[in-house]
Amino acid sequence: RLLFVDDCFTANGERAINVFKKLHRLYGYTEKVFIEARVTDILKNQILQNIPLQMVSSMQIGVECGYNEGLKKIRKGLTVEQLFSALEILKQYQFDKHCFLSFIIGFPWETMEMINKTLDTIELICTKYKIVCNLNWLLLLPSDLWWEKEDFNIHIEEDMFDNLLWYANSDYFFTTHPLISMEDIIQVEKRIGAMQRQGGTVAYRRRIGNEEDYIEPSACSE
Ligand SMILES: C[S@@+](CC[C@H](N)C(=O)[O-])C[C@H]1O[C@@H](n2cnc3c(N)ncnc32)[C@H](O)[C@@H]1O
């Protein structure tokens, strides 16, 4: 299986389709490919119409927010309406079983009301399209948002990352999500649990408190 780490593999449709044509010439359908795609590329670049389904093992599509105000704030260049148009194309060309969507909750401005809007969109996708939706809490990393963090009352420094387990650390989580409480996390998880019990194709794993999952690098090589 081949994995392309290019997180905008579909940005240039012609190039992406040519890569597939060349791979097909070399390997036929014996090699499967993992790619990352964007909703807007699916809509404008005729990607799914021109790459063979049999060559795609999986395709990750970053959506992030389930409501237009959030998509605008993160400058994703996408609307919820466009997302649903792309889902229709995915279904039409049977890529719905060969892709998963990725969402983020807990942006610094997000209240539970906004988070629930993203969960509403995920619920609708799971029910109507049965496409896997991967849900993550935001990990605030150096980025444009990082430089605006003080505006959202987030006071952390880069030395936070000296702790190798920063991503699972509760202090890091609650400092970087000042509007979110433990009770909110539990509410979100209850809603995800209910979706999953009804067969919803939503994937979620809580990171905070999972510090015991960490394996020392020395242990990895043993
Ligand atoms: C490697 S990114 C690729 C995104 C996709 N190729 C695109 O361009 O839209 C994969 C997914 O990881 C998640 N992700 C990336 N950065 C994240 C962060 N700092 N915190 C939480 N999730 C993140 C997002 O849902 C994102 O769509």
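Atoms within each ligand, like the ligands themselves, are counted from 1 in listed order. The model shown is predicted, which means the values in this text are computed figures rather than measured ones. Numbers here simply count residues along the sequence, with the first being 1.
Backbone and side-chain nitrogen or oxygen atoms of Gln60 are examined, and none is located within less than 3.5 angstrom of a nitrogen or oxygen of ligand 1.
Contacts between Asn136 and ligand 1, counted as non-hydrogen atom pairs separated by less than 4.0 Å, involve the side chain only.
Shortest contact from atom 25 (O) of ligand 1 to any protein heavy atom: Glu64 OE1, 2.5 Å. Counting only heavy atoms of the protein, atom 5 (C) of ligand 1 lies nearest to Glu36 OE1, 3.7 Å. The nearest protein atom to atom 8 (O) of ligand 1, hydrogens excluded, is given as Arg38 NE, 2.6 Å; this is a heavy-atom distance. Given atom 9 (O) of ligand 1, the protein heavy atom at minimum distance is Lys76 NZ, 2.6 Å. Among protein heavy atoms, atom 19 (N) of ligand 1 sits closest to Leu139 O, 2.8 Å. Atom 12 (O) of ligand 1 has Ser102 OG, 4.0 Å as its closest protein atom, hydrogens excluded (heavy atom only). Considering only non-hydrogen protein atoms, atom 17 (C) of ligand 1 sits nearest to Ile104 CD1, 4.0 Å.
Outside the 6.0 Å centre-distance limit, the rings of Phe107 and His177 are not counted as a close aromatic pair.
Using 4.0 Å as the threshold, Trp137 has a heavy atom nearer than that to some atom of ligand 1.
Residues Ile47 and Leu78 share a single hydrophobic cluster, defined by chaining ILVMFWY side chains whose heavy atoms lie under 4.5 Å apart. No path of Ile, Leu, Val, Met, Phe, Trp and Tyr side chains, each step under 4.5 Å between heavy atoms, connects Ile122 with Phe100, placing them in separate hydrophobic clusters.
Exactly one residue among Leu101, Thr10, Leu48, Val33 makes a side-chain contact (heavy atoms from CB on, under 4.5 Å) with Met59. That residue is Leu48.
Remark: the Glu81 side chain and the Asn68 side chain contain an N/O donor-acceptor pair separated by less than 3.5 Å. Side-chain N/O atoms of Tyr67 and Glu110 include a donor and acceptor closer than 3.5 Å.
Classified by interplanar angle (parallel below 30°, tilted 30° to 60°, perpendicular above 60°), the ring pair Trp137/Phe173 is perpendicular.
Atoms of ligand 1 found under 4.0 Å from any heavy atom of Leu141, numbered from 1 in the order shown, are 19 (N).
The two residues Ile185 and Ile180 have their closest heavy-atom pair at CG1-CG2, 4.0 Å.
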